[in-house]
Protein chains: 2
Amino acid sequence: MGPMYSITDLAREFKVTTRTIRYYGDKNLLSPKREGQRRIYGPRDHVRLRLIMRGKRLGFSIEEIQGLINLYDVDATESSQLNKFLEMIRQRQQALRQQQTDISETLSELDKREGECMALLGNTIDSGRRK
Amino acid sequence: MGPMYSITDLAREFKVTTRTIRYYGDKNLLSPKREGQRRIYGPRDHVRLRLIMRGKRLGFSIEEIQGLINLYDVDATESSQLNKFLEMIRQRQQALRQQQTDISETLSELDKREGECMALLGNTIDSGRRK
DNA sequence: CAAAAAGCTAACGTTCACGTAAAGGAAGGT
DNA sequence: ACCTTCCTTTACGTGAACGTTAGCTTTTTG
């Protein structure tokens with residue numbers, strides 16, 4: 001019936017506190033079963049937590065991450081109007097594409113700075129392995 | 001001597017409130033001249049505000065944006081140790097690259113959902129112009 | 001010239017995403 | 001028996017990034 005995780009298992013794996021995990025539960029992003037009082041997390045929760053972390057790295061709020069996760073969630077779809085749903089998907093895509101260009105612009109500027117910096121240090125550019 | 005902007009000019013252009021602009025000033029991200037009491041912003045502030053907005057779209061905090069802007073700022077560089085500086089640049093690059101893969105993963109998932117959605121609607125894929 | 005619009009400072013309020021402390025239950029080890 | 005570890009709930013605390021209100025000055029416009 002798939003792997004099970006305690007709250008500290010997840011906390012360790014994703015490098016967050018148990019508080020954080022409970023918080024996401026409070027916000028209905030995770031829905032662990034209970035064994036007595038204890039929370040037992042399944043594979044679905046594990047996947048969701050991965051999505052949550054990715055969302056956070058992308059700077060989305062918990063609420064936005066909710067929305068994103070619901071986009072992957074079949075149940076949410078069939079009960080909602082598809083056109084509105086498509087609209088949401090496209091808005092998300094738009095935002096993400098904006099982020100892509102933001103990132104590549106920033107990266108190229110950083111590359112430039114890195115180059116200047118290396119020149120000043122008289123180093124040769126070994127863009128690759130670091131010890 | 002370059003274009004000048006009032007606080008509402010900038011607010012309108014960047015779609016933020018004047019409060020926000022003043023807030024960035026308080027945080028030393030902008031440094032307008034004063035004409036009496038009034039803040040007068042120059043081209044440098046305009047550029048910085050652009051960088052700030054980009055940083056925000058990337059989910060950076062004001063403090064991190066400070067750091068990023070300082071990376072472009074020559075004055076800050078010459079007085080600091082170059083190696084530490086390079087280290088910072090590389091950390092930023094690392095984070096941004098992570099974001100890039102996060103985004104492309106998310107985008108491809110959204111594309112998939114979009115496809116499914118279109119199929120359900122019986123539409124043909126006109127990926128391009130929308131009215 | 002009077003009213004509206006734009007600007008200012010100062011200070012308190014708000015939301016998000018947790019942190020942190022208090023008080024306690026249940027399992028396992030020695 | 002006692003301690004340690006893991007887990008629980010409840011609840012107040014916190015920093016960031018502004019929002020909002022109040023009270024006052026300056027500039028623009030009909």
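Quantities reported herein were computed from a predicted structural model and do not represent experimental measurements. In the text below, chain A, chain B and the rest are named by the order of the sequence lines, each starting its count at 1.
Atom CD1 of B:Ile21 is separated from atom C1' of C:dA6 by 14 Å (rounded to the nearest Å).
Of the possible donor and acceptor atoms, one in the side chain of A:Asp9 sits under 3.5 Å from a partner among the backbone N and O of A:Ser6. No donor-acceptor pair under 3.5 Å is formed between the side chain of B:Arg48 and the backbone N or O of B:Ile69.
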| request: Summarise protein proximity over nucleotides 8-23 of chain C in one line of letters, 5' to 3': B for base, S for sugar-phosphate only, - for none, counting protein heavy atoms closer than 4.0 Å. | output: SB-------BBBB---

Expected list for residues 24-35 of chain B: side-chain donor-acceptor pairs under 3.5 angstrom, two or more places apart:
from	atom 1	to	atom 2	distance (Å)
B:Arg34	NH1	B:Gln37	O	2.7

Which donor-acceptor pairs under 3.5 Å do the side chains of residues 11-23 of chain B make with protein atoms, sequence neighbours left out?
from	atom 1	to	atom 2	distance (Å)
B:Glu13	OE1	B:His46	NE2	3.1
B:Glu13	OE2	B:His46	NE2	2.7
B:Thr17	OG1	B:Arg19	N	3.4
B:Thr17	OG1	B:Thr20	N	3.2
B:Thr17	OG1	B:Thr20	OG1	3.0

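Salt bridge annotation for A:Glu109-A:Lys112: absent, with no cationic side-chain nitrogen under 4.0 angstrom from a carboxylate oxygen.
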